[in-house]
Number of protein chains: 4
Amino acid sequence: MAMKDRIKERSIGLFERKGFSETSIQDIVEALNVTKGTFYYYYSSKEQLLMEIHKEYIDDLLQRQRRIIDSGGSQKDKLKSVIHLLISDIARNGDSGKVFFREMRHLTEDNATDIKKRREQFRHNIEEILRHGAESGEFRKQLRPDITALAVLGITNWTYQWFNAKGELTADELAEIYSSIVLDGIHTRNEE
Amino acid sequence: MAMKDRIKERSIGLFERKGFSETSIQDIVEALNVTKGTFYYYYSSKEQLLMEIHKEYIDDLLQRQRRIIDSGGSQKDKLKSVIHLLISDIARNGDSGKVFFREMRHLTEDNATDIKKRREQFRHNIEEILRHGAESGEFRKQLRPDITALAVLGITNWTYQWFNAKGELTADELAEIYSSIVLDGIHTRNEE
Amino acid sequence: MAMKDRIKERSIGLFERKGFSETSIQDIVEALNVTKGTFYYYYSSKEQLLMEIHKEYIDDLLQRQRRIIDSGGSQKDKLKSVIHLLISDIARNGDSGKVFFREMRHLTEDNATDIKKRREQFRHNIEEILRHGAESGEFRKQLRPDITALAVLGITNWTYQWFNAKGELTADELAEIYSSIVLDGIHTRNEE
Amino acid sequence: MAMKDRIKERSIGLFERKGFSETSIQDIVEALNVTKGTFYYYYSSKEQLLMEIHKEYIDDLLQRQRRIIDSGGSQKDKLKSVIHLLISDIARNGDSGKVFFREMRHLTEDNATDIKKRREQFRHNIEEILRHGAESGEFRKQLRPDITALAVLGITNWTYQWFNAKGELTADELAEIYSSIVLDGIHTRNEE
DNA sequence: CATGAATGAGAGTTCATTCAT
DNA sequence: AATGAATGAACTCTCATTCAT
């Protein structure tokens, strides 16, 4: 693998374990057995590295979300797929996600604005699924799509705080449970 | 107000705005127009201050949660009350919550373990509500209480990322919407 | 002497010998047997220290120049006194002057502008002496006061490049020679 | 133009604008759209480049000064020619001169000694003109030639600090004024 | 109670230079 | 003739903490 990617990969791991601020350039280069000069040959600053991690993560997510939305299928299926997308990403790509959700604060203003826009795009796309689903009669009409989208994101994103890909629960199972809660709630139904 | 509390209060505000690592003791004492010596007279270290913030926050939450659980009422009402407790706390006490959710990483191991235990207690109490509700037939039996508790915490805690107490939505309204989603889901029902 | 002044004094000596860029904070604090922290307790940056050196130097010079101008006496006497002021300052205060003339480049724009204004004030004051002297008939009318002022400054300031206060020539003697050259030139006169 | 000269030329421009220490090899090669390797193919170090700039400058000056001295003519004419030589060089060759006068400090000891010798030769040659002029009766006998030479150099070299080749004053005019001041002084004469 | 001088370790970053290709 | 990856030392600056007063 190229040095630039090796640096990124190790940094993600260290940022996840110790936090961005608590990880020094020294830590990163020592983990790779290279020198600080090497780091700065590939990245102009620690923040630029963080920015690249963020961009890669959110762009990948947006792209896969786009594919789901463009696919045929009911809005319910699309919503389930988006939930599955987010959860399964933890198993695939866990540390990146954790860094993404925790360390945005350390981007400079310009970069933060950039990333924020893409995050809002992701949220907005979920809102659209909910809105179309309400129009088509799949979803309850009285729930505000904006708040509901945030609820869905809350459930899934919080998973980054506790989910262990090697635990007894698979990402697929968890996505299934979340979908069930979001779609049907926890109340017993008349018909049950 | 006593100096010790003034220090804590200002620190919470600064930690929320800039982050724990990015806030220096200098920042804190300058904001209060005192000197570093004063800080160290009241707190033995920056981390000890963070620990006190955490303890105060979680203990207050646990105490109020306890009161809800000990009150009579259905499990459904208790769950709604806990959701309301968490959301309304943002309006009352927003910065503390944000610091609590973001900065636990900066506690030393011993302190982190201590706080983690209390957080798990809080989560466990929600699990119990869910478990009792399932036993009593209020809630669907096939949903795992542990995962469901984490879903509830996800929805509410994520709110700290975006909720603005001065926005168009009140904490009460938001708690109501969340309860509706959690209890009934977003699907349209037969009877509707 | 107070630490702040000790730092300044030593820094002037080091800047003179090695140059501003080539003198590190480490060099300064080692020469004083203190630590870097101490330096930054008194000066917020290396540049701020340089700025204080510059301000002190030029302000002192301007003040003494003012006294000369406000004294009675012919313009010729005033010019001679200003030349004497500049030369004698080297003996008194040599390193400061060398730093002042060499290191202005290292000030940030705002600070450089500030210092430049005061330097121009000094030059302007010489111009005024020359202008008044021309009006009163003491000095030749066909010489432009602005260029002549720069010539006077050239002669005197260049002295900082080579003059050694401990050499065979005293500052007073040198000032006398310079005055003679500037006033009468090097040509032989008819009457001689 | 050959790469080696292109590097030198650009470097002179950068050194003049930013200073020797503040100009990195990176800056130089970026300005030329080549890589660091190229730089080190032609120059063994940054200092060697500086040395070549110095040598070229002073050797050119010495050579032209020699031509003036070897020409017939009065000492007065020779002195005027040397003043003109120095001033006109600014217009032709401004950046080199500025670098020459400002950055000698950054030569290593051996190189500095070498350059110093040639500078002293230049100064010594002026001294000789003055000495011969005094002997022949052209110049006042009571002025020390060594100090007077330094005064002449002061006036001319200081010009590098402020002269703008594109300003209202030409180099020729300035040389004329300087010569007048040096030769005749600023005093009014009986005969005027 | 509170000050303020001083510490010392470590942070992010820069940069002249080397060298295999 | 030129590249570009890598080095390593040095740089400016920050900061939690200590302690005599």
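Note that the structure is a prediction, hence the values are computed from the model and not measured. Labels below follow one simple rule: chain letters A, B, ... track the order of the sequence lines, proteins then strands, and each chain is numbered from 1.
Across E:dT13, E:dA6, F:dT12, the shortest atom-to-atom separation from the side chain of A:Ser45 is found for E:dT13. Of all nucleotides listed (E:dT18, E:dA6, E:dA2), E:dA6 comes nearest to the side chain of B:Lys36. Taking only side-chain atoms of D:Lys46, from C-beta outward, the nucleotide of E:dT3, F:dA6, E:dT17 with the closest atom is E:dT17.
A search for salt bridge (charged side-chain N to carboxylate O under 4.0 Å, His left out) contacts involving D:Arg118 returns D:Asp59, D:Asp114, not counting sequence neighbours.
Both C:Ile25 and D:Phe39 sit near DNA chain F, but only D:Phe39 has its closest nucleotide nearer the 5' end.
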TODO: Please report the C-alpha distance between B:His54 and B:Glu103 in whole Å, then the side-chain angles of each, then the deciding distance to 0.1 Å, and finally whether the side-chain hydrogen bond (donor to acceptor under 3.5 Å, both in side chains) criterion is met.
DONE: CA-CA 9 Å; B:His54 271 74; B:Glu103 312 288 3; over 6 Å; no

TODO: Test C:Glu22 against D:Ser21 for side-chain hydrogen bond (donor to acceptor under 3.5 Å, both in side chains), laying out the working first.
DONE: CA-CA 8 Å; C:Glu22 286 64 36; D:Ser21 293; 2.4 Å; yes

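OP1 or OP2 of E:dT3 sits under 4.0 Å from a side-chain N or O of B:Thr38. The side chain of D:Thr35 places an N or O atom within less than 4.0 Å of a non-bridging phosphate oxygen (OP1 or OP2) of F:dT3.
Side-chain contact check for D:Thr108 and D:Glu47: at least one donor-acceptor pair (N or O, by modelled atom type) lies under 3.5 Å.
Secondary-structure stems of DNA chain F, taken as three or more successive Watson-Crick or G-U wobble pairs (i with j, i+1 with j-1) under a 3.5 Å distance threshold, comprise E:2-21 with F:2-21.
D:Phe100 and D:Tyr57 have tilted rings, their planes meeting at an angle from 30° to 60° on a 0 to 90° scale.
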